[in-house]
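Contents: one structure, followed by commentary.
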Amino acid sequence: AFDASARLDGKFYPFMGVAALNSKSQGSEVGRFLDLSGDTSPSGEPVLTMDPDTNAVRKLREGPLLDLGGIGKGFALDRLVAHFKEWEFESGLLDSAGSTFVAMKAPGEESGWDLDIGYGASTRTVSLPDGYALASSGELFQGTHVIDPSMDATISPWKRSYAFAETGSLADAASTASLLLDSASLSSISKRNPNLSFAMYSDTEGISCGNFFNQAKLG
């Protein structure tokens, strides 16, 4: 999650738990068990320490709540792929909730798994190769729900996003964060991360950034 945040210009922020609870009108319910009154704004001050030798995690200050909802599906699929390979299953397409996909080998002579992407009348088919992931996010099921950590507001220039990456975890986080980024920022991120690509849709346009989507207009 911290690696994804660094790659995505901080727009994926792991400590959005309080804002997420409030946006879903669950703050008062959870507030009976946890103090939600602390400072939760993003800052350079550390929130957690992690000791890899003992697998221990310690929270350093009150306020921010860790929320892994934007990366959890992808992480779960990454771990499943690792298990399947241990069990000598090499072929398959793993899918979580119809929005996050991680590809293993495609059947027969196929080079990848065909998946449809798009928004409204603008659609296309992409082929997801072995060892990569595709995730999507948007307003279809939850409305405008992605919270900008810098403003604590749900303001997005896009209606639907797709992110291609080398892991389900990163694709999942990127599809969420990309809803908060303009086309120039998305292009810059793709240039810094060659295996990270975006396809974005608004009510009026579709754009793509990165090698996987071939820098093509989506129509």
Side-chain angles (χ1 to χ4, degrees), residues 1-9 11-14 16 20 66-119 123-142 145-146 158-181 186 189-201 206 208-216 218:
F2 296 133
D3 174 68
S5 182
R7 294 193 194 202
L8 297 165
D9 293 352
K11 291 300 185 181
F12 180 81
Y13 183 60
M16 294 296 292
L66 190 63
D67 179 5
L68 299 176
I71 202 170
K73 297 194 303 295
F75 178 79
L77 294 183
D78 290 338
R79 299 312 307 147
L80 282 171
V81 167
H83 283 308
F84 281 134
K85 289 184 176 180
E86 288 177 2
W87 301 332
E88 299 182 357
F89 289 95
E90 297 295 330
S91 177
L93 178 69
L94 281 69
D95 161 26
S96 180
S99 62
T100 304
F101 300 85
V102 177
M104 299 172 67
K105 289 182 180 178
E109 300 299 319
E110 298 294 329
S111 60
W113 297 86
D114 287 347
L115 296 171
D116 293 331
I117 68 169
Y119 175 77
T123 61
R124 65 183 291 193
T125 300
V126 297
S127 180
L128 185 63
D130 178 18
Y132 288 91
L134 181 72
S136 63
S137 188
E139 301 184 356
L140 183 60
F141 297 110
Q142 300 187 60
H145 66 287
V146 179
W158 308 104
K159 294 294 186 180
R160 191 150 191 84
S161 67
Y162 293 86
F164 168 88
E166 65 264 31
T167 65
S169 302
L170 182 56
D172 210 359
S175 70
T176 300
S178 61
L179 291 169
L180 304 172
L181 293 160
L186 292 166
I189 290 171
S190 292
K191 288 177 181 177
R192 298 196 309 265
N193 301 271
N195 286 330
L196 186 55
S197 300
F198 302 94
M200 309 298 298
Y201 295 87
S208 58
C209 304
N211 295 331
F212 179 69
F213 295 112
N214 298 319
Q215 301 286 346
L218 301 185

Looking only at heavy atoms, what is the nearest atom pair of [X] and [Y], with distance?
X: Ala171; Y: Ala165; answer: N-CB, 3.7 Å
X: Gly138; Y: Leu179; answer: N-CD1, 3.9 Å
X: Pro107; Y: Ser91; answer: N-OG, 4.1 Å
X: Gly206; Y: Tyr201; answer: CA-CD2, 4.1 Å
X: Leu68; Y: Ala1; answer: CD2-CB, 4.1 Å
X: Asp130; Y: Ala103; answer: OD1-O, 3.6 Å

In Å, rounded to the nearest 0.5 Å, how long is the span from [atom1] of [X] to [atom2] of [Y]?
X: Asp9; Y: Leu180; atom1: CG; atom2: CG; result: 11.0 Å
X: Phe101; Y: Tyr162; atom1: CZ; atom2: OH; result: 9.0 Å
X: Ile71; Y: Leu170; atom1: CD1; atom2: CG; result: 7.5 Å
X: Asp172; Y: Thr100; atom1: CG; atom2: OG1; result: 4.0 Å
X: Met200; Y: Cys209; atom1: CE; atom2: SG; result: 8.5 Å
X: Trp158; Y: Ser137; atom1: CH2; atom2: OG; result: 14.0 Å

If only atom types and distance count, is the side chain of Asn195 paired as donor or acceptor with the main-chain N or O of Glu166 below 3.5 Å? no

Would the distance check show the side chain of Asn211 and the main-chain N or O of Pro194 forming a donor-acceptor pair, the cut-off being under 3.5 Å? yes

Below 4.5 Å, heavy atoms only, C-beta onward: do [X] and [Y] meet side chain to side chain?
X: Trp113; Y: Leu134; answer: no
X: Leu80; Y: Val102; answer: no
X: Leu186; Y: Ser178; answer: yes
X: Ser161; Y: Phe198; answer: no
X: Ile189; Y: Arg7; answer: no
X: Asp116; Y: Thr123; answer: no
X: Thr176; Y: Leu8; answer: no

Can you say whether the rings of Phe164 and Tyr132 are parallel (under 30°), tilted (30 to 60°) or perpendicular (over 60°)? parallel

Would you call the rings of Phe84 and Trp87 parallel, tilted or perpendicular, where under 30° means parallel and over 60° means perpendicular? perpendicular

